[in-house]
Amino acid sequence: MKLLIMGPPGVGKGTQADRIKDKLEILHLSTGDILRAEVEAKSAIGMDAKLYMDFGKLVPDHILIEIVKERISKPDCDNGYLLDGFPRTLPQAEGLDKMMHSIKHELEWAISLTANEDELVARLIKRGEELGRSDDTPDVIRKRQKIYWEKTAPLLDFYLDKSILKEVDGLGEIPEITERILHVIK
Ligand code: AMP
């Protein structure tokens, strides 16, 4: 099964994606994780991406499209994957459509996790303190939320039009939310 999960920063996409991939025995592809690994490795992509990530900005579309295209074309993806954090803009969604079509992959579901914004900002500030993520400071968090509503939320309509959007309430206990997701994609 090939699917994606989206939602505002702090809604728990990564946590849920990790659990869903185990249950469905598919890969979890987080573009945030891939980019952080590139930054850590000090690769050319990483050095470039860091300039955007540290300020809560989106890394340019062409970089993301290239990274994802290369990744999902690998044979280990044939069986299924869950994209987390991609696409985040309309050009990325259109790019994904094209690249999946060209390798005969079909996107079955787009899961949208929803939650109240104040709750999310509080969660992220806590995560920033606990994990020391350089983009989890209050200013950067608010900026990332704003970008989500401006650039990523329009994708809800994109997937609604394709009749593959499933909205899931992202507030509650972690296992309970996982069950909600599994239920809607059954
Ligand atoms: P995340 O872990 O998904 O919150 O991503 C952390 C940061 O990586 C984001 O704030 C962006 O700077 C960058 N990033 C991850 N995925 C994308 C994407 N699809 N498009 C642009 N930037 C991205």
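Whatever order the structure lists ligands and atoms in, that order sets their numbers, starting from 1. For the numbers below, each heavy atom of this structure counts, side chains included, while hydrogens, waters and symmetry mates do not. Starting from 1, each residue takes its place in the sequence as its number.
- Listed by first then second residue, pairs satisfying ring pair (Phe, Tyr, Trp, His ring centres under 6.0 Å) with a partner in residues 82-126 read Tyr81-His105, not counting sequence neighbours.
- Contact shell of ligand 1 (protein heavy atoms, cutoff 4.0 Å): Thr31, Gly32, Leu35, Arg36, Met53, Lys57, Leu58, Val59, Leu64, Gly85, Phe86, Arg88, Gln92, Arg133, Asp135, Arg144.
- Leu58 belongs to a hydrophobic cluster with Ile147, counting contacts under 4.5 Å between side-chain heavy atoms of Ile, Leu, Val, Met, Phe, Trp and Tyr, direct or through other members.
- At least one donor-acceptor pair closer than 3.5 Å links the side chain of Glu176 to the backbone N or O of Glu173.
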(Q) Applying salt bridge (Lys or Arg N to Asp or Glu O under 4.0 Å) to Asp61 and Arg88, what does each step give before you reach the verdict? (A) CA-CA 9 Å; Asp61 290 336; Arg88 259 179 161 95; over 6 Å; no

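- Under the 4.0 Å criterion applied to side-chain N and carboxylate O atoms, Arg36 and Asp33 are assigned as salt-bridge partners.
- Cluster note: Ile125 groups with Val121, Leu124, Ile141 through ILVMFWY side-chain heavy atoms spaced under 4.5 Å, whether in direct contact or through intervening members.
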